[in-house]
Amino acid sequence: ADDVTLQLKWVTQAQFAGYYVALDKGFYEEEDLNVTIKPGGPDIAPTQVLAGGGADVTVEWMPAALAAREKGLPMVNIAQPFKSSGMMLTCRKDAGVTSTDDFAGKTLGVWFFGNEFPFLSWMSQLGIATDGSDGGVTVLKQGFNVDPILQGQAACVSTMTYNEYWQIIDAGLTPEELQVFKYEDQGVATLEDGLYVLEENLADPEFEDKMVRFVRASMKGWKYAEENPDEAAEIVLDNDASGAQTEKHQKRMMGEVAKLTAGSNGALDPADYERTVASLLSGGSDPVISKAPEGAWTHAITDKALN
Amino acid sequence: MGWLLFALVVWIVGWSLNVWLSRRPATALVRLLMPIVFGVTLIAIWEGVVRGLDISAVLLPAPSAIAARFAASTSILWEDFVQTVIKGALSGYLLGCGAAFLTAVFIDRFPFLRRGLLPVGNFVAALPIVGMAPILVMWFGFDWQSKAAVVVVMVFFPMLVNTVQGLQASSQMQRDLMQTYAASPMTTLIKLRLPMAMPFIFNGLKIATTLALIGAIVAEFFGSPIRGMGFRISTSVGQLALDLVWAEIVVAALVGSAAYGGVALIERVVTFWHPSQRARS
Amino acid sequence: MPDPVISAQNLDLTFQTNDGPVHALKGVSLDIEKGDFVSFIGPSGCGKTTFLRVMADLEQPTGGTITVNGVSPEEARMARAYGYVFQAAGLYPWRTIGKNVSLPLEIMGYSKAEQSERVARVLDLVELAGFEKKFPWQLSGGMQQRASIARALAFDADILLMDEPFGALDEIVRDHLNEQLLHLWARTEKTIAFVTHSIPEAVYLSTKIVVMSPRPGRITDVIDSPLPKERPLDIRESPEFLEVAHRVREGLRAGHADG
Amino acid sequence: MPDPVISAQNLDLTFQTNDGPVHALKGVSLDIEKGDFVSFIGPSGCGKTTFLRVMADLEQPTGGTITVNGVSPEEARMARAYGYVFQAAGLYPWRTIGKNVSLPLEIMGYSKAEQSERVARVLDLVELAGFEKKFPWQLSGGMQQRASIARALAFDADILLMDEPFGALDEIVRDHLNEQLLHLWARTEKTIAFVTHSIPEAVYLSTKIVVMSPRPGRITDVIDSPLPKERPLDIRESPEFLEVAHRVREGLRAGHADG
Amino acid sequence: MRNLVPVLTVVAAIFAIWYLAAIWLNAPWAYDKATRAGVELSAVELVADTWAQDKPKLPAPHQVAVEIWDTTVEKKITSKRSLVWHSWVTLSATLLGFALGTGLGILLAVGIVYNTVMDRSVMPWVITSQTIPILALAPMIIVVLNAVGISGLLPKAMISMYLSFFPVVVGMVKGLRSPEVMQLDQMRTWNANASQTFWRLRLPASMPYLFASLKVGVAASLVGAIVGELPTGAVAGLGARLLAGSYYGQTIQIWSALIMAAALAALLVAIIGLIERIMLARMGMA
Ligand SMILES: Nc1ncnc2c1ncn2[C@@H]1O[C@H](COP(=O)(O)OP(=O)(O)OP(=O)(O)O)[C@@H](O)[C@H]1O
Ligand SMILES: Nc1ncnc2c1ncn2[C@@H]1O[C@H](COP(=O)(O)OP(=O)(O)OP(=O)(O)O)[C@@H](O)[C@H]1O
Ligand SMILES: Cc1ncc(C[n+]2csc(CCO)c2C)c(N)n1
Ligand SMILES: [Mg+2]
Ligand SMILES: [Mg+2]
């Protein structure tokens with residue numbers, strides 16, 4: 001069997017259920033692949049792992065991938081299991097935020113480490129300064145959790161529909177007390193959780209063939225997970241070596257993730273790509289990328305895998 | 001291949017130069033020069049190896065690239081320096097060392113406390129700081145106050161243990177001498193035990209300098225405003241701006257070494273009488 | 001006859017250690033008169049230091065009584081009756097010689113003017129004038145020892161307790177300091193208790209030599225010296241001197257044999 | 001007359017220090033014959049230790065020549081001609097007495113059997129038989145010093161260099177060790193160079209006393225002892241003894257006055 | 001044993017302060033909940049609430065104790081939810097890193113003691129190396145090592161090593177230099193060669209220094225292993241546990257991992273202390 005190493009963007013959780021299902025159900029084995037899944041974490045830059053040869057393929061968000069490409073690391077999107085973005089800004093109404101007009105003067109929690117790009121381009125579209133100047137917002141680098149909003153240190157924090165949002169709810173705040181801004185709704189959504197490889201590897205037909213089989217099996221895993229969310233969540237739990245995940249949380253997460261993957265058969269929609277690039281290019285004085293990238297995606301793999 | 005050869009040649013030249021220097025009389029200049037030659041050699045080898053093996057800049061940038069980035073980003077580096085070093089590390093250092101010193105003087109008066117607190121203190125000192133940082137960020141907010149708190153926690157025990165040990169350093173005979181003068185405990189403290197404790201106190205202060213810097217930087221990983229050395233390092237890794245990461249590391253190393261050297265210099269002035277200092281001059 | 005300066009009656013001192021009790025002093029009785037120069041000699045560990053420490057209130061006897069100037073050692077210490085000179089000079093390395101000598105004066109609250117006046121006087125006395133500004137480690141061992149004697153003399157203690165003050169010095173320097181100490185004693189009329197390991201030193205210096213035996217520390221012999229007050233160094237080759245020395249040696253040897 | 005064991009001609013030794021050069025030895029010439037017991041005496045810092053170290057090839061003279069057994073000190077050291085005894089016993093605390101004594105034998109590659117045979121013999125010689133298994137800190141200072149002498153005797157060095165070996169001991173123990181050292185020397189016929197600060201010790205032990213003056217270290221007097229080889233302790237109260245002692249003292253005092 | 005009463009007193013005082021601090025720190029959230037629910041809290045209810053919150057700012061000692069009990073005694077030690085299993089993961093990296101660090105430290109110290117060039121040129125850089133925030137470098141080290149094909153236990157152990165070699169170098173340089181000039185001269189008069197001097201004099205003389213450094217080094221190793229666990233994907237180990245706890249705001253889990261780590265450190269230091277006592281006693285140095 002051929003070896004493939006997959007680097008995840010984050011810790012083992014239902015966000016990556018498709019890959020764990022494919023592994024567990026033997027879909028990879030059927031394609032004669034021997035897949036190793038490496039969990040990520042707050043300190044892991046999947047792009048760097050890819051550059052270092054620690055993985056063949058990685059799950060990454062498109063803004064980070066494009067930024068890396070401009071830094072001279074030629075990453076290529078070969079598949080896009082997530083159709084829509086799950087990112088939101090979640091605010092406390094009692095902190096005085098009910099619309100985007102209320103941001104000025106507030107403190108907002110943002111994830112960095114390459115995840116700040118969608119936020120920055122949104123703010124620049126709203127014309128709100130993020131450098132701490134008057135009339136702008138105070139940005140705080142959000143840690144690993146949602147504490148800042150619970151403790152009133154920030155008016156809003158970044159959340160994913162499938163994860164951090166529910167941590168706020170679990171902590172005791174109710175949906176009525178919260179005001180959420182989905183990036184999808186604000187028209188600034190960028191593509192999340194695509195599969196990326198290095199361009200030079202794609203030139204190798206053997207590698208290409210491996211990826212074709214990998215993507216085919218992975219998508220089979222995703223579709224199975226969408227149809228059997230509870231079983232998928234169980235599989236994720238079995239694979240969590242940290243022993244920190246709870247069943248309730250993972251089942252709920254799987255349900256939310258299924259909504260995001262539902263619209264995709266695995267092939268990247270060029271329109272989504274263009275929207276992402278346009279959003280990133282408009283990043284104000286310090287845009288995430290300075291010119292439209294070339295060759296940042298390919299249908300070569302999905303065309304073969306899905307037909 | 002050419003660059004690898006260059007690295008090899010630099011290694012040989014640098015080492016021979018130091019061998020030659022080590023045979024000179026050990027003047028202050030020679031003592032200063034040798035580590036510099038060694039450092040420059042290492043940097044040149046680094047440059048040669050990175051170029052020779054064509055190592056990707058997103059894995060390990062060449063020193064020349066780091067230097068260029070350093071020169072181009074002085075304003076960012078300065079802003080981060082102020083946030084992390086001046087506000088976080090320095091205030092925490094002063095607070096932590098000061099509190100530890102006062103605590104040491106206090107518990108020194110009470111053998112009961114000394115025997116009870118030190119073992120517990122050693123246990124607490126074994127708490128890994130990585131674990132304390134998120135808790136303290138949760139308690140003290142994301143700005144520099146929580147970084148200072150982490151630094152306080154990190155420097156407190158090394159300083160306490162050293163000071164307590166130093167206050168015990170005077171010999172029985174010296175304390176008996178003060179007794180024969182019917183000196184008060186306060187007088188004994190000021191005239192005998194504190195001066196005697198100075199070498200130990202400075203030892204604690206030196207250990208604390210490196211801890212303070214590391215603590216302030218690491219704490220920023222767990223939530224921070226959008227400036228600071230730890231913030232910059234972690235976000236820049238995510239953006240693959242490794243040259244900026246290394247520029248920050250250079251700042252950290254420079255500041256750390258300078259602080260260490262500074263404390264060592266003050267130590268030399270204050271404990272001029274100590275044999276270890278006299279031997280050197 | 002006036003009351004003795006130090007009067008010990010049947011002193012006992014037992015240290016409680018992990019290995020059981022150590023009898024350091026047992027039934028020690030001794031009177032020291034004003035102006036006496038008393039040497040204590042005996043094998044190592046026989047309790048000489050302990051006895052001196054009891055006199056200075058640095059150790060509490062577990063039995064017997066001791067009075068100093070008619071009061072308890074503690075009261076005498078509070079009244080600053082003692083100048084104590086230890087085996088090692090024990091000067092503070094961070095203070096100059098002048099500052100070291102003025103240390104007890106500072107503690108006892110003498111005025112600045114008086115401090116410098118006294119420092120100058122005692123440094124002169126021990127022939128260290130001109131070394132005020134030096135640090136201890138810039139001086140030879142003999143000079144350091146003289147500075148530590150100056151320190152003990154700086155305030156007006158009646159009683160000088162000296163625990164092997166010259167133990168670490170070479171013979172020539174030691175001879176010299178012995179001579180000077182005798183002069184000083186003659187001039188100031190202090191009462192001196194002096195511990196030594198050297199028989200010639202004990203005999204040369206003292207008006208009274210106390211020989212002690214090993215544990216439990218006991219006084220085995222008290223020899224009143226027949227030597228005159230005026231003692232040139234050559235006196236050590238005189239028959240009287242040799243005779244006293246012989247008696248001390250016999251006393252010591254007897255102690256060793258029992259022990 | 002046979003060739004001298006140690007022959008120094010016009011030795012100079014200058015240390016380069018941060019404060020400028022220190023003349024430790026200047027124009028030192030001396031012959032030591034086989035079987036001599038030579039004592040070096042002189043004020044602190046006069047170069048006694050330095051001279052011994054030059055003999056043992058631990059220091060290089062900056063001028064003059066020295067031969068040991070007719071060859072250079074280095075060759076003599078390689079041939080293991082020296083047993084060196086330092087002021088402090090310098091036993092290794094992590095080795096038993098037996099192991100300490102066998103250390104030089106291990107280093108010199110003696111067989112196990114020979115090692116234990118020799119250790120037993122020399123421990124017997126210094127009256128420490130039965131203490132092989134003890135650690136140094138379980139012994140008194142005097143016993144430690146005897147062990148360190150045993151160590152220097154364990155291999156067949158012709159020349160014993162002893163640098164104030166008894167400096168740290170009390171007078172009674174010292175007397176005893178002096179007596180034993182004399183016996184040992186008589187039995188083994190070694191050549192001994194012995195540094196001391198004590199005039200009686202030098203006179204009591206030596207066949208030849210070398211008096212040195214302070215910096216730059218020079219030999220001011222070489223006194224051949226008229227005392228017989230057989231020397232009971234009482235000899236120290238004999239007129240011959242006192243006369244030699246007097247001469248040594250005068251030599252020393254003269255040196256001090258110049259310095 | 002003399003220290004037992006004072007230590008217990010201090011520990012009791014700490015627990016008292018801890019409980020009070022828990023009330024003080026957790027009260028705002030209790031009030032927040034109460035106001036939103038529209039109820040008034042009595043003092044007793046308040047205290048009860050602050051000592052029993054799910055995600056308290058500061059968990060009360062008994063909450064931590066229960067968590068530790070649940071995750072050590074109640075779980076099979078092979079379970080991924082067992083703290084014992086996670087401790088073992090961290091411990092294995094710690095021990096490997098500690099062994100490597102001690103080895104490197106001793107080697108460097110020998111080099112520094114025997115070679116003037118190394119002494120003068122390397123020593124200042126050894127100090128500088130410790131001013132570099134290794135935690136910042138950890139992710140990169142892992143990636144770079146990965147790039148050259150090293151993964152698994154070793155990268156974590158390398159970070160552990162980086163933190164633990166420093167005290168060993170400093171202590172061993174001191175220790176190897178601790179023999180007096182006199183003892184070295186003695187070796188010379190016996191015409192001992194360099195290796196005989198090293199094995200018979202310098203090394204045994206350095207033992208007390210070595211053990212003192214090892215105690216500092218092993219604690220540093222543990223910190224290194226925990227730090228090294230963060231960028232390896234937070235898969236397993238006390239570091240992963242801390243991180244996961246922090247990610248999900250599970251303060252009780254953080255505290256139990258923390259206490260476990262400190263206990264582990266204390267245990268390791270105690271073991272080294274024991275070996276030291278046995279070893280030095282056998283060498284006659286205690
Ligand atoms: N603080 C103490 N605790 C326990 N034992 C002690 C203490 N101080 C002294 N001793 C013991 O008491 C005995 C007498 O000691 P002391 O120091 O008085 O002897 P010394 O005559 O001064 O001896 P040396 O000539 O060696 O100075 C010794 O056996 C010593 O070990
Ligand atoms: N390694 C050295 N470097 C510089 N100066 C030295 C060195 N060794 C000795 N000296 C100096 O050389 C002089 C002679 O020293 P040496 O040790 O031989 O004297 P000594 O007669 O043995 O004195 P003591 O009786 O105090 O042992 C002294 O002034 C000493 O300070
Ligand atoms: C330090 C830090 N960096 C980034 C993220 C954001 N992030 C990357 S992947 C992913 C999926 C979450 O379920 C999220 C939230 C974070 N949380 N913490
Ligand atoms: Mg004594
Ligand atoms: Mg000497």
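All values reported here derive from a predicted model rather than from experimental measurement. In what follows, every chain begins at residue 1, and chains take the letters A, B, ... in the order their sequences are listed. Values below: every heavy atom of this structure, side chains too, minus hydrogens, waters and symmetry copies.
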| task | Work out which heavy atom in Val10(E) is nearest to a heavy atom in Gly116(B); give both atom names and the distance. | result | CG2-C, 3.6 Å
| query | Can you say whether Val250(B) sits under 4.5 Å from chain E via the side chain, the backbone, both, or neither, judging by heavy atoms? | reply | neither
| said: Counting only non-hydrogen atoms closer than 4.5 Å, does Ser257(B) touch chain E with its backbone (N, CA, C, O), its side chain (CB onward), both, or neither? | reply: both
| said: Rounded at 0.5 Å granularity, tell me how far OG in Ser22(B) sits from CG in Asn115(E). | reply: 7.5 Å
| Most heavy-atom pairs under 4.5 angstrom with chain E, which of Val19(B), Val37(B), Val30(B)? | Val19(B)
| For the student: nearest non-hydrogen atoms of Pro119(B) and Val7(E), plus distance | CG-CG2, 3.8 Å
| message | Could you measure the distance from the CG atom of Leu117(B) to the CD1 atom of Ile14(E)? Nearest 0.5 Å is fine. | response | 7.0 Å
| request: State, with a plain yes or no, whether a side-chain heavy atom of Tyr260(B) is found less than 4.5 Å away from one of Thr128(E). | output: no
| query | Measuring from Phe38(B):CZ to Met118(E):CE, what's the distance to the nearest 0.5 Å? | reply | 7.0 Å
| Has Tyr114(E) got more than 12 heavy atoms of other residues, nucleotides or ligands less than 6.0 Å from its OH? | yes
| query | Roughly how far, to the nearest 0.5 Å, is the CD1 atom of Ile132(E) from the OG1 atom of Thr210(B)? | reply | 12.0 Å
| message | Ignoring hydrogens, what is the shortest heavy-atom contact between Gln130(E) and Ile214(B)? Give both atom names and the distance. | response | O-CD1, 3.4 Å
| request: Just give me the residue among Glu248(B), Arg115(B), Met229(B), Arg23(B) that pairs up with chain E most often, heavy atom to heavy atom, under 4.5 Å. | output: Arg115(B)
| task | State, to 0.1 Å, how close Asn18(B) and Ser121(E) come at their nearest heavy-atom pair, and which atoms those are. | result | ND2-CB, 3.4 Å
| query | More than 12 heavy atoms of other residues, nucleotides or ligands under 6.0 Å from CH2 of Trp24(E): is that the case? | reply | no
| task | Assess whether atom CZ of Phe112(B) is packed by more than 12 heavy atoms of other residues, nucleotides or ligands within 6.0 Å. | result | yes
| message | Counting only non-hydrogen atoms closer than 4.5 Å, does Ile55(B) touch chain E with its backbone (N, CA, C, O), its side chain (CB onward), both, or neither? | response | neither
| request: Using a 4.5 Å cut-off on heavy atoms from C-beta on, say whether the side chain of Ile135(B) contacts that of Leu258(E). | output: yes
| said: Using side-chain heavy atoms (C-beta onward) and a distance below 4.5 Å, is Leu21(B) in contact with Arg120(E)? | reply: no
| Measuring heavy-atom distances to chain E, does Leu59(B) have an atom under 4.5 Å in its side chain, in its backbone, in both, or in neither? | both
| task | Name the option with the most non-hydrogen atom pairs under 4.5 Å to chain B; the candidates are Ile254(E), Val144(E), Ile127(E). | result | Ile127(E)
